[in-house]
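One structure below.
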Protein chains: 2
Amino acid sequence: METDPKAETRGEQTRRLIVETAIRLFGEVGYEKTTMRAIASAAGLSVGNAYYYFPSKDSLVTEFYLQLQREHMARAEEIIAAGGGFSEQLTGVLMAGLDLWDPYHSFGGRFIGIAAVPGSPTSPFSEESAEARELSLRIFERLVADTSLKMDAEVREELPELLWLAQLGLVVYWVHDRSPGQQRTRTLIETAVPYLESLVGLSRMKVFRAMTVRGLALVKLLRPV
Amino acid sequence: METDPKAETRGEQTRRLIVETAIRLFGEVGYEKTTMRAIASAAGLSVGNAYYYFPSKDSLVTEFYLQLQREHMARAEEIIAAGGGFSEQLTGVLMAGLDLWDPYHSFGGRFIGIAAVPGSPTSPFSEESAEARELSLRIFERLVADTSLKMDAEVREELPELLWLAQLGLVVYWVHDRSPGQQRTRTLIETAVPYLESLVGLSRMKVFRAMTVRGLALVKLLRPV
DNA sequence: GTCTATATCTAGATAGAC
DNA sequence: GTCTATCTAGATATAGAC
């Protein structure tokens, strides 16, 4: 008896139902106020069943984050494939991320709190987040490898990792951004990205060599161990 | 009947006893595993009494943070008063902070998780953290105002706020630093501080004017709203 | 104003039966 | 896979003692 590998098993269906219900409730009444009982009840399941699929309430958030991340990377692929300059592509990728996250700004902060704890599976540096991290890193590697922007060879090597870290910082900025529609974060991108392009471009000039080398040493220290 | 203003009232004593007991237990068995019942019991008090002084378990962490912060600022005052160059003083202030935090690295991460949540009273940007923030900011203002290091006037204006933010970032780096004795964080300070001094010094040069202005615009965006 | 004791509520998480 | 019952721990409420 053959089964369509694309067809969802019953378990996968239940799993998806739980995440979707949870996210909906998180958005409606916030993360704290959404109880596991409420999630289970709204999904027409028992609490025990929800815990059969997700070991904790936090892990629901992790799952959701992974889904968003995959979606972001898919869009980023398209943006990079469409061509354009370094700033244009990088801005596009970052803005696409903001667009995706936008509906969830209200409880994004809660997620940051969960993710910031070192050693937790939700930490961006954890083993469990390796998939999301690699996904993200690969995009920036593609972007840097493809760009026609001239830069120091060593800078080119370190840049993807730096961009990945910068994106983390951007998310932190975004969750704390209470301007309408998080416009401030968008302004930050529009200011920082061309500035970065300029700095990266300068790395080729001999006069800046010393500063570039020192800057690279700094960036290397910032890389996760 | 006069009372010594320095003498602790009974309430203050109890308050301190609770925090000290909590911190000890946090260090011994971790934040999660330390229950309010255990804290109260170890301090020889009732749970209700602990809640009389602290509205939540998290607030115990906040109180502890404030105490460390005050201690840090006291040491920073001394370091600045002792004189020295910009790098020397800044490195001293940052290293003094690390020395203080050192014994608590194991559960520092937990604190970060609490503090990272936007809008929470533990957030460094919150109303409740205003005292700690002002304390910290004032130190950096003193440092920048006193230094003989020549720099662009506008840079001098923005620098204290930037240093405050950088310190936040440093703490995040530190909690994730799993090198022995968090040596990596110290290396980061030793690398980044002189680099910053160089950059700041360059801000006076006419050739860098355009980059300085753009950098300032960026820093202004980074300031908490 | 400080403190105790006890009962109770809430919600995350687990165990064991089916 | 799914359920019900139960446990744990943060937090609150109440009533009262000093």
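Nucleic acid contact for A/Y53: sugar-phosphate only, since backbone atoms but no base atoms lie under 4.0 Å from a heavy atom of the residue.
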Requested in this report: Show your working on salt bridge (charged side-chain N to carboxylate O under 4.0 Å, His left out) between A/D99 and A/R186 and close with a plain yes or no.
Outcome: CA-CA 10 Å; A/D99 291 342; A/R186 294 182 186 265; 2.8 Å; yes
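There is a side-chain donor-acceptor pair under 3.5 Å between B/S136 and B/Q167. Of the N and O atoms on the side chains of B/D58 and B/S56, not one donor lies less than 3.5 Å from an acceptor on the other residue.
Heavy-atom contacts of chain A under 4.0 Å fall on DNA chain D between two terminal nucleotides, which in 5' to 3' order are D/dG1 to D/dT4.
By the 30° and 60° cut-offs, the orientation of the rings of A/W101 relative to A/Y65 is tilted. Between B/F26 and B/Y31, the angle of the ring planes lies from 30° to 60°, which puts this pair in the tilted group.
Under the 4.0 Å criterion applied to side-chain N and carboxylate O atoms, B/E161 and B/K220 are not assigned as salt-bridge partners.
Using a 4.0 Å cutoff on non-hydrogen atoms, the parts of residues 14-37 of chain B near DNA chain C are B/T14, ordered by number.
Between B/L163 and the choices B/L168, B/L170, B/V144, the side chain to side chain contact (heavy atoms under 4.5 Å, CB included) rule is met once, by B/V144.
For the pair A/L66/A/T62, no side-chain contact is recorded, criterion being any heavy-atom separation below 4.5 Å from C-beta on.
Distances shown here put every side-chain N or O of A/Y51 at or beyond 4.0 Å from the OP1 or OP2 atom of C/dT14.
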